[in-house]
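So the structure is just underneath, and the comments pick up after that.
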Amino acid sequence: MDALVDLTYKTENNRAIIYLYLIQKILKDENFKPYFYVELKEMSNNSIEKIKGFLKKNGLFHYVEDIEVVKKQIHNKEKEILKIITKHPKYVPKLRILKDLDEVLDIYEHDIPFAKRYLIDNELIPMTYWDFEKNKIKRKDIPKLKAIAFDMEVYNRNAEPDPQKDPILMASFYAEDFKKVITYKPFSHEYVEVVKDEKELIERIIEILKNYDIIYTYNGDNFDFPYLKKRAEVYGIKLNLGRDGEEIKISKGGMHLRSYIPGRVHIDLYSIARRLLHLTKYKLEDVALELFGVKKLEVGHQNIGKLWEENDEKLIEYSFQDALYTFKIGEYFLPLEVMFSRIVNQTLFEITRMSSSQMVEYLLLKNAFKNNTIAPNKPSNEEYQRRLKESYEGGYVKEPIRGMHESIVSFDFKALYPSIIISHNISPDTIDCECCKDESEKILEHWFCKKKEGLIPKTLRNLVERRMEIKKKMKEKAKKGEIDEEYKLFDYEQKSLKILANSHYGYLAFPRARWYSKECAEVVTYLGRKYIQQTIKEAEKFGFRVIYSDTDGFYAIWKEKISKDELIKKVHEFLDMINSRLPGNMELEFEGFYKRGIFVTKKRYALIDENNKITIKGLEFVRRDWANIAKKTQKAVLETLLIEGDVEKATKIIQDVVDDLKKGKVNKEDLIIYTQLTKDPKEYKTTAPHVEVAKRILKKGGRLRIGDVIGYIITSGEKSISERAKLPEEAEDYDVEYYIENQILPPVLRIMEALGVSKEELKNFGKQVTLDDFFKINKKE
DNA sequence: GCGGACTGCTTACCT
DNA sequence: ACAGGTAAGCAGTCCGCG
C-alpha cells in the first residue's frame, strides 16, 4: 500500500528523470519526455523540413529528440500540429525561438513545468493510496505520513537578524513521537536537549527533519529555511534534507521565496492561513487564537536576544509553543489541502503554494489534456496590460430600505455563477462558435455552442456532480449517525469542490488566465443580474416586500403582518413556483429567518435570528481598520437595538464608553487601529497614518513586507492624524477627542440615524444623561 | 482667510 | 496575483463669500 507524496525530476546523464516519492520507496520514470507544440501556417513536409533546417543551422537540433505530427483541438477546431519532443526540460525555453519563424503561427504549452506536466499527462492522484499496477485508487483515506513541526529562534540585536553574524539559538520540534527544544545553552525545561554549539544544533536539525514526510513551518519559506541555509553555509554544512539526500532548494516564486525539500512536503502554514482564514493579523498567535481559542505565550522578536542572555526559560516555552501550534495548525489545514491536491492533481507542496486561480488553471490543463485540447498561452505583457484596462458590469445591488425590519426571510441562488455557466454552456471554447451562428437567442450579442460542452462548463459540472454525490453520501451517513472519520473526509472533499467551483467565474476575468474571456464573464454577470432582478419582481408580485439584495440573494418581509408559520409557508410556495421555472440546475433556496434586522446602506446591515444569534455584515464591527473600542461599542449598540429595540439604552452605552475614554480607562490594545500595507511605502501618492508609521519603522531599520498589517494609535497633538499615528509601544497617550469623534461616534451614529433617530432626539437623550461632548458631534453636521 | 464641499486615493468589506 | 460593487476615512484642493 503506497501513495505519491512528492514528485520532481532530476538530471542524470543529461536526461530528465521523473522521481516519484512514495511513502515506502522512490520510483523513477525514465520514459517521460518534455515537449511543446508548434502550430504551422501550413502543415507540409516542406514546412517541417524548413524548421529542421533552421534548428540545424542554429545548432539547436541536438536539443530535439523527436518531432511528431499530432491531431489536436486548437482554436475550437481539430488540426494537425507539431509536437516537439526535447531531450531535457531546459531546452524548451531555447526552442521557443521557433515562434519567430515564417512557417510558424504560434507555439503552445511551452511553459508548463516538467514535473507538473507529468501529473497532467498521467493518471496518478497524489496523496491517495494507489494501486501502481492497475493504476487506480486503492483507498480514499488520507495516507498516514509522519509529520513534524519545526521552528527556530534567532539572536537579534535590536534590529533584523543578520545571518552572517546572528546565530540560531534554538530549534523546536513537535511531532507525535518527538517533542523537543534543542539548544546549546543549559535551560531547565522538560523538553530541552542541549548540544555543544550552533554547528551541532544545525546538524541535529538536519538529522531530525530527515525522519519525517511532512514538515510544517510558520513562514519557513521566507525565514526559517533561508536563514538555516545561510547559517549552515557559515559552517560549511550542506542542507541535504531531501529523501534521497538532495539539498533543499530555495527559489524565488514571484515576490516570495519557497523552500522545497525533494521527497518531503514542506508546508508553510503562514500563506495557507492568509488564504483560508479571514483575520485582522496573521501572526502565529493570532491564528492559534482563532482556531483553538488559546492564548499562546508571546515574547516579541526584539526581546529574544535579551531573554537568551538572561537564560530566561520563557524563551524555551515560547519556542516550544511555536512548534506545538504550528503542528496543530498544520493538522487543521492538511485534509483540505490534500483534497485540493487530489482534485487538481498536483503535489501537496505545489498545491499549498497555489492561489485559487492557479488551481483552476491546473485543473483546466488536466481536463484540456483529457479532451485532446491545446491550452491557450498565457498573455504576453502587452496583452496583460490590455486586459487590465477592460472592465464590465458585475452583480446587481439593490439600495436597501433603511432602518429596522421584523420577520425577515432571506433567499439565495444555489451557486449562482457556476450554475449559470453550466446551464448556458458559457466557455471561451463555446462562445460565438461557427456551428451555432444562426442560433436565434443571443445574450449580449453572443451565443454559446449547442453541440459541444465547453471546457469550463464540463469541468464545473464534474465538480458540482462530484460534490452532490458526496453530499448525498454524507446525508446517508448522518441518518445512520455515522459522524466518523470518513464523514469528516467527505466534508473536506465537498468543501474543496465548492471552493474550486466558485473560483471559475473569477478565473474567466482574471487578466493572467490562459482561458481568459471578458465576454464570457460579462455574460455570466448579465445573466446573474437578470435572474435576481426577475426573481425580485416575482417576489414582490407574490406578496413579499424586498428590503435588500446583493448579487445572488435577497432579504424580504411579507407585505402584511402574518405569523411566522404562515410566512414560512409563503416562502415555500414561492420557491416551488420560481424553481419550476428556472432552467437547468439553477435553484433558489430559502436561506433563513430573522426576527429583526437593521439595514444601514448597501453592503452594511445586521440581523438577529430566533436564537439571538447576530450576523453583522460590512459594518465597522467586522472591519479591521477600526479600533476595537469602536467595534465593541457598535456591537453593544446593535445588540441592544436588535434584542430590545431600546434607543435610550443604546445611547447610555455610548455615553459610558465616551466617559471611559475621557477618564483614560480604556485598554491600550482596544485603541489600536490595524491597516494593511498594500505597497512599498515610497509608492503611496497620499499621506496616510499606516504609511507614515511604516516609513518610521523602516527608518529605524525594521523589516516590513508588502502585505504586513500595521497597528497604530492616534496620539494627542496639533498635527495631522497621520503625523500623530504611533506604534502601540511608542505611544505615550491617546487623543481622546479623536477616539470619540472619529472612532466611537460615527459607527454608532450611522446606525441610530438609519433607525430614524433624529439628531434632535439624540440630543434629548443626551441631556437626560448629561452628555456634553456627544452633542458637539451632532452639532457638527 | 475661513470653513464646508468636493475629489482622489486608499482600505476593507459583500456577493 | 479570481471578479466587480460599495462605503467610508484622510489629505488636499476648490469654492463661495461684498
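For clarity, every value in this text was computed on a predicted model and none was experimentally measured.
- The pair A/Lys281-A/Glu290 does not meet the salt-bridge criterion, since no charged nitrogen lies less than 4.0 angstrom from a carboxylate oxygen.
- Residue contacts for A/Lys398: at a heavy-atom cut-off of 4.0 Å it reaches no nucleic acid atom on any strand shown.
- A donor-acceptor contact closer than 3.5 angstrom links the side chains of A/Asn585 and A/Ser423.
- A/His504 comes within 4.0 angstrom of nothing in the nucleic acid, heavy atoms only.
- The two residues A/Pro400 and A/Tyr548 come nearest to each other via the heavy atoms CB-CD1, 3.7 Å.
- Only A/Val622, A/Arg623, A/Arg624, A/Asp625, listed by number, bring a heavy atom of residues 619-635 of chain A to less than 4.0 angstrom from any atom of DNA chain B.
- Annotation: side chain of A/Pro681 is in contact with side chain of A/Leu698 (closest heavy-atom distance under 4.5 Å).
- Across all strands, A/Gln358 comes closer than 4.0 Å to no nucleic acid atom at all (heavy-atom distances).
- When heavy atoms are screened at a 4.0 angstrom cut-off, A/His256 is found touching no nucleic acid atom at all.
- Using a 4.0 Å heavy-atom cutoff across all strands shown, A/Thr525 reaches no nucleic acid atom at all.
- Within 4.0 Å (heavy atoms only), A/Tyr392 reaches sugar-phosphate atoms of the nucleic acid but no base atom.
- Looking at which nucleotide of DNA chain C each of A/Thr687 and A/Pro511 is closest to, the 5′-most match is held by A/Pro511.
- Between A/Thr686 and A/Tyr505, the residue whose closest nucleotide on DNA chain C is further toward the 5' end is A/Tyr505.
- A/Arg750 comes within 4.0 angstrom of the backbone, heavy atoms only, and of no base.
- Ionic pairing of A/Arg467 and A/Glu493 is not present here: no N-O contact between side-chain nitrogen and carboxylate oxygen is shorter than 4.0 angstrom.
- Taking atom P in both C/dC2 and B/dC9, the straight-line distance is 24 Å, to the nearest Å.
- One atom, NZ of A/Lys281, and another, C1' of B/dA12, lie 17 Å apart when rounded to the nearest Å.
- Phosphate proximity of B/dT11 to A/Thr675: absent, as no side-chain N or O sits under 4.0 Å from OP1 or OP2.
- A/Ala688 comes within 4.0 angstrom of no nucleic acid atom, judged by non-hydrogen atoms across all strands.
- The residue A/Tyr684 sits close only to the backbone: its heavy atoms come under 4.0 Å of sugar-phosphate atoms, none of a base.
- For A/Glu361 and A/Tyr507, the side-chain atoms include at least one donor-acceptor pair closer than 3.5 Å.
- Between the side chains of A/Arg624 and A/His278, no donor-acceptor pair of N or O atoms lies under 3.5 Å.
- For the 3.5 Å distance criterion, the side chains of A/Thr217 and A/His266 qualify, holding a donor opposite an acceptor.
- A/Gly394 comes within contact range of the sugar-phosphate backbone alone, with a heavy-atom separation under 4.0 Å but no base atom that close.
- Side chains of A/Tyr712 and A/Thr675: a donor-acceptor N/O pair is present below 3.5 angstrom, by distance only.
- Residue A/Phe413 is out of contact with every strand shown, counting any heavy-atom pair closer than 4.0 Å.
- Between A/Arg750 and A/Glu753 there is no salt bridge, since no side-chain nitrogen of the basic residue lies less than 4.0 Å from a carboxylate oxygen of the acidic one.
- Using a 4.0 Å cutoff to heavy atoms of chain A, the contacted part of DNA chain C runs 5' to 3' from C/dC2 to C/dG12.
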